[in-house]
Amino acid sequence: MSISCQTKSEKRIEIATNDYIHFVDSVTEYKKEEAQKNWKTIEKDFEKKLNTLNLRIDSSEGASEFEGKIDSATDKFEIYRKAVFKGYADPDINHYLD
């Protein structure tokens with residue numbers, strides 16, 4: 001039997017971090033055409049996951065151990081976004097996807 005040293009707050013951050021990373025990993029598996037077609041939904045879900053994660057972090061301590069994982073997932077998403085819309089003149093792609 002192992003005893004966890006995590007507080008409830010740290011556990012919530014861990015869950016939100018893992019959820020965020022899983023989301024980014026699953027989205028970046030989409031083919032370019034599929035991602036372009038569904039980008040508004042992807043972007044909305046990304047923002048929701050990121051906001052949830054930030055709320056967890058802002059309301060507690062002990063998040064520093066997750067910062068590297070969060071930054072890595074965010075960078076992965078941004079690289080993917082740029083690859084999906086490579087060739088578009090305007091990096092704000094929302095008006096392309098009405």
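Each residue takes its place number in the sequence, starting with 1.
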Report task. Could you list all the salt bridge (Lys or Arg N to Asp or Glu O under 4.0 Å) pairs where at least one residue sits in residues 14-32, not counting sequence neighbours? Result -> K11-E14, D19-K49, D25-K76

Query raised in the report: Is there a donor-acceptor pair under 3.5 Å between the side chain of S72 and the backbone N or O of G68?
Result: no

Query raised in the report: Hey, what do you get for CG (L53) to CD1 (I15), rounding to the nearest 0.5 Å?
Result: 12.0 Å

Query raised in the report: Are any non-hydrogen side-chain atoms of Y30 and Q36 less than 4.5 angstrom apart?
Result: no

Requested in this report: Would you please name every residue forming a ring pair (Phe, Tyr, Trp, His ring centres under 6.0 Å) with F23, sequence neighbours left out?
Outcome: none

Requested in this report: Give, for atom CG of D45 and atom CD of E47, the distance between the pair rounded to the nearest 0.5 Å.
Outcome: 10.5 Å

Query raised in the report: When rounded to the nearest 0.5 angstrom, what is the spacing between CG in L55 and CD1 in I13?
Result: 11.5 Å

Query raised in the report: Who pairs with T74 by side-chain contact (heavy atoms from CB on, under 4.5 Å), at least two apart in sequence or on another chain?
Result: Y20, I70

Requested in this report: Identify, with sequence neighbours excluded, every residue that meets salt bridge (Lys or Arg N to Asp or Glu O under 4.0 Å) alongside E78.
Outcome: R81

Query raised in the report: Roughly how far, to the nearest 0.5 Å, is NZ of K48 from CG of N51?
Result: 10.5 Å

Query raised in the report: Just wondering, do V27 and Y80 contact through their side chains at under 4.5 Å, heavy atoms?
Result: yes

Query raised in the report: Just how far is it from atom OG1 of T28 to atom CD1 of I42, taken to the nearest 0.5 Å?
Result: 10.0 Å

Query raised in the report: What is the minimum heavy-atom distance between K69 and I21, and which atoms define it?
Result: CB-CD1, 3.6 Å

